[in-house]
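In what follows, every heavy atom counts, from backbone to side chain, and hydrogens, waters and symmetry copies are set aside. Each ligand, and each atom within it, is numbered from 1 in the order the structure gives. The first residue in the sequence is number 1, and the count goes up from there. Just so it is clear, the model here is predicted, and its values are computed rather than measured.
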Amino acid sequence: MRAAAAAAACWLWGALLAAGRSLPRLRLPYRELLSTNRSVLFFGLRGPLGFRSLYLDEYRDRLFVGGKDVLYSLRLDRAGMDAKEIYWPPVPGQTEECVRKGKDPATECANYVRLLHPYNRTHLLACGTGAFRPLCAFVYVGHRGEHAFALEPAGAENGRGRCPHEPDRAFASAVVGGELYAGLTADFLGRDPVIFRSMGTRSALRTETDQRLLSDPKFVAAYLIPDSDDRDDDKVYFFFTEKVAEADGKEHTVFSRVARICVNDVGGQRVLVNKWSTFNKARLVCSVPGPGGIDTHFDELEDIFLLRTKDGKSPEIYALFSTVSHVFRGSAVCVYHMADVREVFNGPFAHRDSPLHQWAAYEGRVPYPRPGVCPSKTTNQPRRQYSTTKDYPDDVLRFARAHPLMYKPVYPRHRQPLLVKTDLQHHLHQLVVDRVEAEDGQYDVLFLGTDTGSVLKVVALQKANSAATEDIILEELQVFKAPVPITQMEISVKRQMLYVGSSLGVAQVRLHQCESYGTACAECCLARDPYCAWDGTACARYQPAGKRRHRRQDVRHGNPMHQCLDQNLTVDDFERVEEKVLYGAEHNSTFLECAPRSPQASVQWFVQRPPDEQRDEVKTDERILQTEQGLLFRTLHRHDAGVYYCKTLEHGFTQTVTKTALEVIEREQLEHGFQRELEGEPARPPCPEPTPRPGAPTHKAWFKDIMHLISYTNLQRVEEYCARLWCGDRQRRKSKLAKAKHALAAMDVGKRGQATKPHGGRNRVPRQAAAT
Ligand SMILES: *[C@@H]1O[C@H](CO)[C@@H](O)[C@H](O)[C@H]1NC(C)=O
Ligand SMILES: *[C@@H]1O[C@H](CO)[C@@H](O)[C@H](O)[C@H]1NC(C)=O
Ligand SMILES: *[C@@H]1O[C@H](CO)[C@@H](O)[C@H](O)[C@H]1NC(C)=O
Ligand SMILES: CC(=O)N[C@H]1CO[C@H](CO)[C@@H](O)[C@@H]1O
C-alpha cells in the first residue's frame, strides 16, 4: 500500500518535471474525435475484427483489411465506405487439429489474415495463418471504379514460408515482380527463421539455416529499393532485430539490422544451391551521447517508414526504436540516408577467426565478383562472364557464406536521433512521416502510434545552425477507446488521412483539423501546426499555393505577438464562458478543475465574491493550493463562496477557460439536511478502481494522489469524498443536492444574491464526474 502510494507520488513528480516537454499541446479524447468527424472507425461486420493487416490502394481509392477469418474492402471515396466482406476460415478440420496440437482456440486457431499485397492489375495476394496451417489465395478486386471483391475460386494454396503460423509473431514481406519476399519463422514451432522467396516461375530461394545469418530475428519491414537505373541492380532490403551473443557467449544483446539481397539472385551452382548468394547485413545504430562518453543505444527496432523521393532510389529511412534498460525506458526516431547504407555495404566485411575472437575489418583479398554485388552489365564483361549468380565462382559463394556481416554500422543523419522520448507514459510502436510545406519551409510531421490506442502528432524542428532538434507534440489523438497497441499505420498524402489499425479495428483519421485549435489568431499561432495557418478569419489548412494573402503561421516560435499584433491578445472575456456550479461542504476539501487545452499555458485564478463586482486574483496558501489540474481547497471556508475564473496565459495570449460558481454548504445545514437521510443507508462502497492501467491515473486516482501528497491523513474521508464525487449515483446525488439547496434557500434567502443558480442550471455535476 505504502509502496503503491510512493509509486503514484513518484509518477506525479515525474509528470510535473516533464510538464511542457512531453505533454501534447492538445489532447483529443476518443469521443471528441468522433463527434468532430476527425476520425471514422470500422470494426468489421461480424463481431471482433481481430485486425492484422491492411493495404491502402490509392489508385482504386480503397482500403483492404485483413482480420480473423475475414477480408474487407472499403471504398474511401464513399461516405458509408460500402464495406464488402469475404469470409475466409481455415480449411475444414484444421481448427480442431490446431486445438489438438495444444494451441489456444480463442486466440490462435483461426485464419488471421496477415498479408495483403497488390499482385497484378486485377488481383491482391492474401495470406493467413489458417489455424497454424498458413494459406495464401488471390483476391479479385477488379479495375478502378468497380467495387469487385472475391476470393479466386481456384482456392487457397499452401502458405508455408509466406505467412507465419502465429497470429502475432513479427514478420515482414514484399511482392516484387510477382514474387513474394518474406522474412519470418516458417515452421510450426517457430524455430526456423528464414528470408524466403517464392511464387513466380523461378525456384524458391531461402537463407541457409545458420545463426550467423539470422539469429532469433524479429522482422520489421521489407522494401524494394532500386540501387541504380539498371533493374539488374535492384535489391530488396529487410529491417529486423536479432539477438547477438556477447563475447562470453552467455549474455545476449539485441541489435537492429538492415540486410539486402539481389532481386536477380538465383543461388549458386554447387555451393549455396537454392540459397541466397548475395545476402549481406549491417547494424543500424541509433544512440545519444551520454555522460562519460558512454552512449545510450536504442536497439529495439519497432517500425520503419520510407519517405520516398521522386527517383525511388534514395528514400529517407525513418526508423523508430525503443530501449528497455534497467535504468529507463525510451523511444527514439533516427533517419538514415540510402547513400550511408550503400557506403556500409560497399565497405569492409566483418571478420573473426572464431566466436571467441573480436570482430575486425576483413583485410584480405575479397574475391570477384564482390559478394553482395548483383549480376549485371558490370559483372558480365566479355572476359569475365557472370550473367547470373549461378556463374559466380565457388570461392565467391564460400566467402559470401562466411561473411554475411558488414564491419561498419550505419549511422543516422547528423549521427543523432531526430527525436528522443524518455518521459512518455506509453510505448511507441508505429511511425509514419509526412513532409509538410509551410509558410517558412518544410517540416517533418511524425505520427507515432502508441500502445494505448492513441497517436501522437509531433513536429520535429531543426534548430538553426546546428544538428540539434526540438520536437513539439502538437496533438495526442485517442483513436481507440480501449488502451490497445496500435499495430499498423499508413498515410495517404493524397487524401490527407491516416489509417490506424489495432486488434479492435481500423480508423481513418484526418491529419489535421485546424478549427480544433480555436477561433482566435493567437490560438492558431500557438498551435504551431505546419498544416494550419490563420487566414484572416479562421484557423484553416495552410495551402502553399493558396490565394489568401494574410496567412499567419509561426511553427518555429509559436509567438502570436508577432503574428497577431492587430488582433486582441487580451480579451476581457470573463463573461463569455459557460458557468458551472460546484457545491462544496464547509470544512471539507473541494477541487475546482481547470486543465487548459494546452498544458504549456500558465494558469491564473480570479474570484469574484458577492456582492463585490471586483475580481481579485486568488491568493494561494497552505489551505488553497494551485495544482496543474486545478484549484484545491483543503478545507473550505464559508467566505470561499464566489465565482472562480480560470485564465490561461501562453506567449502573451490570455483567455478565460472556466467559470465556476462555488457554493459552500454550511456545516449546520449539512448535518440537518441530507446527512440524516444517509443514516438509514448502508455504508457506501469505496470507489471501484477505474479500468486498471498502470502508470496512467485517471482523474480520480490523480485526485487521491494529491491528497496523499499533501499528507491528507484521513484516508477514509478521501475515499468517501471520491465515492461521492465519482461513483455516486448521480440521480441520488442530484436530488440530495436539490434538497440541500432547498434547505439553504429557505434559511438564506437573499444572502447570496446572484451567485445562487436555479436548480435547472447547467452542469450541476462537477466536470470530473462527467469525464469518467
Ligand atoms: C460529421 O459528418 C456527418 C455525416 O457526414 C455530418 O452529418 C455531421 O454534421 C458532421 N459533423 C461535424 C461536426 O462536422
Ligand atoms: C493476376 O494474377 C492472377 C493470379 O495468378 C491471375 O489469375 C490473373 O489472370 C492475373 N491478372 C492479370 C491482369 O495479369
Ligand atoms: C478588441 O477588443 C475590443 C474590446 O473588447 C473590441 O471593441 C474590438 O473590436 C476588438 N478587436 C478585434 C480586432 O477583435
Ligand atoms: C459532504 C461531505 O463531504 N461531508 C463530510 C465533511 O467532513 C466531515 C468530517 O469532518 C464528514 O463527516 C462529512 O461527511
Side-chain angles (χ1 to χ4, degrees), residues 52-67 69-77 82-92 94 111-131 133-165 171-184 186 194-206 222-226 231-232 234 236 261-267 274 312 490 492 494:
R52 286 300 185 286
S53 53
L54 69 79
Y55 165 58
L56 173 65
D57 188 336
E58 301 238 42
Y59 173 73
R60 291 188 181 83
D61 270 331
R62 280 159 77 179
L63 185 72
F64 298 99
V65 174
D69 296 332
V70 280
L71 283 165
Y72 286 102
S73 166
L74 307 175
R75 285 191 75 149
L76 299 177
D77 52 355
D82 184 24
K84 281 202 158 48
E85 183 189 84
I86 293 172
Y87 176 58
W88 190 22
V91 296
Q94 184 56 32
N111 184 30
Y112 292 89
V113 179
R114 301 206 55 193
L115 180 154
L116 276 175
H117 284 302
Y119 189 69
N120 60 22
R121 288 213 317 276
T122 50
H123 285 74
L124 299 186
L125 173 66
C127 299
T129 60
R133 186 173 161 195
L135 57 159
C136 292
F138 290 103
V139 184
Y140 178 70
V141 294
H143 295 276
R144 191 179 186 175
E146 57 176 321
H147 195 184
F149 196 51
L151 213 55
E152 271 301 313
E157 46 181 292
N158 191 342
R160 189 162 177 160
R162 301 174 187 171
C163 178
H165 290 65
F171 101 114
S173 63
V175 167
V176 177
E179 291 175 303
L180 177 71
Y181 294 73
L184 76 172
V194 62
I195 291 177
F196 193 67
R197 185 179 70 195
S198 59
M199 311 188 59
T201 51
R202 300 188 282 186
S203 47
L205 215 58
R206 59 163 295 162
Y223 294 103
L224 168 72
I225 304 174
R231 299 307 305 269
D232 280 341
D234 283 1
V236 172
I261 43 195
C262 293
V263 168
N264 62 9
D265 192 339
V266 289
N274 291 332
E490 295 290 336
S492 168
K494 173 178 147 192

K.L.:
Ignoring angles and geometry beyond distance, decide whether R121 reaches within less than 3.5 Å of ligand 2 through its nitrogen or oxygen atoms.
P.N.:
no
K.L.:
Does a donor on one side chain and an acceptor on the other come within less than 3.5 Å for T122 and H143?
P.N.:
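No.
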K.L.:
When you compare the side chain of L76 with that of R62, does any pair of heavy atoms fall below 4.5 Å?
P.N.:
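In short, these two side chains do not touch, never coming nearer than 4.5 Å.
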K.L.:
Can you tell which of N120, L124, T122 gets a heavy atom nearest to atom 10 (C) of ligand 2?
P.N.:
N120
K.L.:
How about Y140 and F149: are their ring centroids closer than 6.0 Å?
P.N.:
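Ring-ring flag for Y140/F149: false, centres at least 6.0 Å apart.
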K.L.:
Take atom 14 (O) of ligand 2 and look for protein heavy atoms under 4.0 Å from it; say yes if you find one, no if not.
P.N.:
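At least one protein heavy atom is under 4.0 Å away.
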K.L.:
Going by atom types only, do S198 and E179 share a side-chain donor-acceptor pair under 3.5 Å?
P.N.:
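There is no such pair (donor and acceptor under 3.5 Å, judged by atom type) between the side chains of S198 and E179.
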